[in-house]
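What you see is a predicted model, and the numbers here were worked out from it, not measured in a lab. Just so you know, these numbers use all the heavy atoms, side chains as well, and skip hydrogens, waters and symmetry mates.
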Amino acid sequence: MHGGASGVGSHAIQVARALGARVAVTAGSAAQAGIVRGTGCEILINYRDEDFVERVRKADRRLGSRR
């Protein structure tokens with residue numbers, strides 16, 4: 001999920017978690033990451049420093065895919 005630090009993003013994270021989803025979220029700064037960290041996401045990615053797709057792929061292998 002992109003934009004997890006926004007009000008809509010935070011709500012979407014909570015809804016997704018309540019439905020049993022594993023949630024990967026992006027943030028663009030350390031301050032935004034701090035906001036997102038408390039929302040229950042499993043994977044937090046600073047998109048300015050890391051590649052979103054690669055981090056999600058690595059996390060999927062580490063956590064075990066549900067597919």
Side-chain angles (χ1 to χ4, degrees):
M1 181 174 308
H2 298 285
S6 71
V8 172
S10 295
H11 181 72
I13 293 166
Q14 293 171 12
V15 169
R17 292 292 294 163
L19 294 172
R22 293 187 337 217
V23 182
V25 180
T26 62
S29 69
Q32 289 176 340
I35 293 167
V36 172
R37 196 166 277 113
T39 63
C41 67
E42 287 186 62
I43 305 161
L44 176 56
I45 302 162
N46 183 330
Y47 65 83
R48 295 182 194 272
D49 298 332
E50 302 176 82
D51 181 77
F52 178 79
V53 173
E54 185 57 32
R55 267 296 303 282
V56 171
R57 284 184 178 151
K58 284 181 183 177
D60 189 46
R61 287 191 297 267
R62 184 175 45 83
L63 296 173
S65 177
R66 292 184 182 170
R67 291 176 262 164

So, for [X] and [Y], which heavy atoms are closest and what is the spacing to 0.1 Å?
X     : Y     : result
Gly40 : Ile13 : C-CG2, 4.5 Å
Gly9  : Met1  : O-SD, 3.6 Å
Ser29 : Gln32 : OG-N, 3.1 Å
Ile35 : Ala5  : CG2-O, 3.9 Å
Glu50 : Leu44 : OE2-O, 4.4 Å
Val23 : Ala16 : CG2-CB, 3.7 Å

*asked:* Within this structure, what is the CZ-CG distance for the pair Arg55 and Asp49, rounded to the nearest 0.5 Å?
replied: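 Answer for the CZ-CG pair, Arg55 versus Asp49, is 11.0 Å.
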*Would you say Ser10's side chain and Gly4's backbone share a donor-acceptor pair under 3.5 angstrom?*
yes
*Under the criterion side chain to side chain contact (heavy atoms under 4.5 Å, CB included), which of Thr39, Ile45, Ile43 is the partner of Cys41?*
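When side chain to side chain contact (heavy atoms under 4.5 Å, CB included) is applied between Cys41 and each of Thr39, Ile45, Ile43, only Thr39 qualifies.
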*Under a 4.5 Å cut-off applied to non-hydrogen side-chain atoms, are Phe52 and His2 in contact?*
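Yes; the side chains approach each other to less than 4.5 Å.
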